[in-house]
Amino acid sequence: MGAKKRILWVDYAKCIGIIAVVAGHAINNVSGKSLDVAYNAIYWWHMPLFFMMGGFFLKQITFDRAGWSYLLSHRIKPLITAYFINGSILIILSHFFRQQSWDYTFLYFGRLIYGGSTLNNYLSVFWYMTTYAITVFLTTLLISFVKNIWLQFIIAIGCFFLGVSLQDVTFMGNDSFPWNAQIALLAIFWMLLGYYFFKLFPKIHWNNKLIFGGLGLTLFVFLIYLYAEGKLDFVLWLKSSNIHSGFQAFIIPPLLCLVVFIISEAIERAGGFIPLKFIGQNTDIIMFYHRAAFDITTLASFTDNWYFRIIIGLIAPILLAWTIQWLKNNRFKHKTTVQD
């Protein structure tokens with residue numbers, strides 16, 4: 001049985017999303033009003049985008065041994081395994097590259113277990129992995145247990161606004177919940193939306209998508225203008241659970257994600273672009289290692305700036321992904337040759 005054919009516009013959407021993630025981290029804490037506006041505009045949609053795409057390939061499960069095995073072993077276990085393996089690698093890498101004490105390093109392993117907003121530096125984006133795993137688990141249960149679609153959305157919307165209300169609630173004296181679990185309540189809505197959107201999107205006529213895309217881009221530019229002029233107070237910093245206006249967080253991200261999906265299909269229709277496809281197929285490794293790659297820019301004074309961080313934050317993990325793929329391909333060829 002052959003491998004499943006990849007859906008190219010999904011790869012391009014993932015590419016756009018991961019570039020936004022790298023850019024957002026690269027310009028963080030860099031002074032300048034234009035960069036501040038860009039930073040917040042990126043955060044309006046880039047993580048909701050990944051949660052929505054997480055819903056694209058969800059499957060309903062049966063509540064028997066096979067169903068639970070699929071959900072826990074096939075979907076959740078790889079996410080948690082990747083979280084701890086790559087997190088441990090990066091903690092050790094940070095220890096030596098940043099010359100941190102062993103006390104700090106051992107304590108960081110404890111923070112890796114707790115997760116969420118306690119993670120910083122190389123692991124600052126790792127909150128997403130655990131929140132994503134929780135969201136996949138809960139959304140899968142939702143679409144499997146609750147058969148009525150309207151009821152699914154009522155529950156998901158209720159969870160969304162419950163998550164917004166919990167942003168100022170502490171957990172046993174900590175500012176954040178373990179694994180940023182409260183953010184999963186918001187993400188259930190985005191993932192459920194993605195689950196049904198993926199079924200609907202191919203049925204929408206391309207001309208209508210162009211109209212939606214044009215209107216969405218216009219809305220995005222208008223929102224950026226309002227924010228720059230101080231007339232819009234919309235912040236969506238999911239890791240720190242800092243959300244200004246739950247209603248805006250409910251409406252704006254899905255609309256902007258729709259624009260990204262339409263742009264991604266436009267790229268596919270235009271013939272595609274192999275480098276963008278490769279980036280989209282390796283978003284995990286870029287997500288994991290781009291913060292560590294930023295430290296490469298500190299080796300020389302002229303590279304120690306935000307735009308070089310974007311470049312290195314993409315190129316270094318891409319080279320790592322390419323190397324891993326090359327090694328896998330050559331190992332497979334070697335095995336095939338030996339068997340022949």
Side-chain angles (χ1 to χ4, degrees), residues 1-7 10-11 13-15 17-18 21 46-93 109 111-116 119 122-144 178-181 183-184 187-188 190-192 194-195 198 238-239 277-292 317-318 320-329 331-332:
M1 186 174 180
K4 292 182 179 179
K5 183 179 180 181
R6 297 191 70 96
I7 301 172
V10 175
D11 286 333
K14 290 171 67 178
C15 173
I18 199 64
V21 169
H46 74 333
M47 297 317 295
L49 180 83
F50 283 103
F51 285 118
M52 280 191 69
M53 288 190 291
F56 286 180
F57 305 108
L58 286 186
K59 294 181 179 178
Q60 295 180 359
I61 64 167
T62 53
F63 294 100
D64 53 20
R65 185 181 181 88
W68 286 111
S69 177
Y70 167 80
L71 178 58
L72 296 176
S73 299
H74 183 73
R75 295 306 311 272
I76 304 301
K77 183 180 176 180
L79 295 171
I80 303 304
T81 301
Y83 172 82
F84 281 109
I85 290 177
N86 289 283
S88 298
I89 291 171
L90 284 167
I91 289 173
I92 297 300
L93 187 65
F109 277 105
R111 283 194 280 153
L112 180 65
I113 295 172
Y114 190 88
L119 304 176
Y122 289 2
L123 271 65
S124 64
V125 76
F126 272 55
W127 71 268
Y128 165 76
M129 292 297 298
T130 51
T131 305
Y132 182 82
I134 295 171
T135 308
V136 168
F137 179 80
L138 293 177
T139 311
T140 300
L141 294 185
L142 179 61
I143 63 175
S144 301
W179 289 15
N180 262 18
I183 300 302
I188 289 170
W190 292 322
M191 193 167 285
L192 183 67
Y195 175 72
F198 188 67
L238 294 178
K239 178 188 174 185
K277 177 184 173 183
F278 186 79
I279 292 172
Q281 293 173 351
N282 292 279
T283 52
D284 287 349
I285 200 164
I286 298 171
M287 183 90 72
F288 289 144
Y289 290 97
H290 72 276
R291 289 300 297 256
I318 288 170
L320 177 60
W322 181 86
T323 302
I324 292 172
Q325 188 178 89
W326 183 85
L327 290 172
K328 286 181 177 179
N329 291 341
R331 183 182 178 187
F332 175 76

Interatomic spacing from [atom1] in [X] to [atom2] in [Y] - rounded to 0.5 Å:
| X | Y | atom1 | atom2 | answer |
| --- | --- | --- | --- | --- |
| M53 | I7 | CE | CD1 | 12.0 Å |
| T139 | F51 | OG1 | CZ | 9.5 Å |
| N282 | I318 | CG | CD1 | 8.0 Å |
| Q60 | L71 | CD | CG | 12.5 Å |
| I188 | T140 | CD1 | OG1 | 10.5 Å |
| L112 | L123 | CG | CG | 6.0 Å |

Please report the closest heavy-atom contact between [X] and [Y], naming both atoms and the distance.
| X | Y | value |
| --- | --- | --- |
| G116 | N180 | CA-OD1, 3.4 Å |
| I76 | A133 | CD1-O, 3.3 Å |
| K59 | S144 | O-OG, 4.4 Å |
| G17 | L49 | CA-CD2, 3.6 Å |
| M52 | W190 | CG-O, 3.3 Å |
| T131 | A184 | CG2-N, 3.6 Å |

Practice task
Take the angle between the ring planes of F57 and F198 and call it parallel below 30°, perpendicular above 60°, tilted in between.
Solution key: perpendicular
Problem - Aromatic plane relationship, Y70 with H74 - under 30° parallel, 30 to 60° tilted, over 60° perpendicular - result: parallel
Handout entry: N86 and Y289 side chains, donor-acceptor separation under 3.5 Å
Key = yes
Would you say that [X] contacts [Y] through its side chain, given a criterion of any heavy-atom pair below 4.5 Å between the two side chains?
| X | Y | value |
| --- | --- | --- |
| V21 | Y128 | no |
| F288 | M129 | yes |
| W179 | I80 | yes |
| F137 | R75 | no |

Between [X] and [Y], is there a donor-acceptor pair closer than 3.5 Å when you use the side chain of the first and the backbone of the second?
| X | Y | result |
| --- | --- | --- |
| T283 | I18 | no |
| D11 | K277 | no |
| W322 | P317 | no |
| T130 | W127 | yes |

Exercise for the section: For the pair Y122 and I89, evaluate side-chain contact (heavy atoms from CB on, under 4.5 Å) and give the outcome as yes or no after the intermediate values. Expected result: CA-CA 10 Å; Y122 289 2; I89 291 171; over 6 Å; no
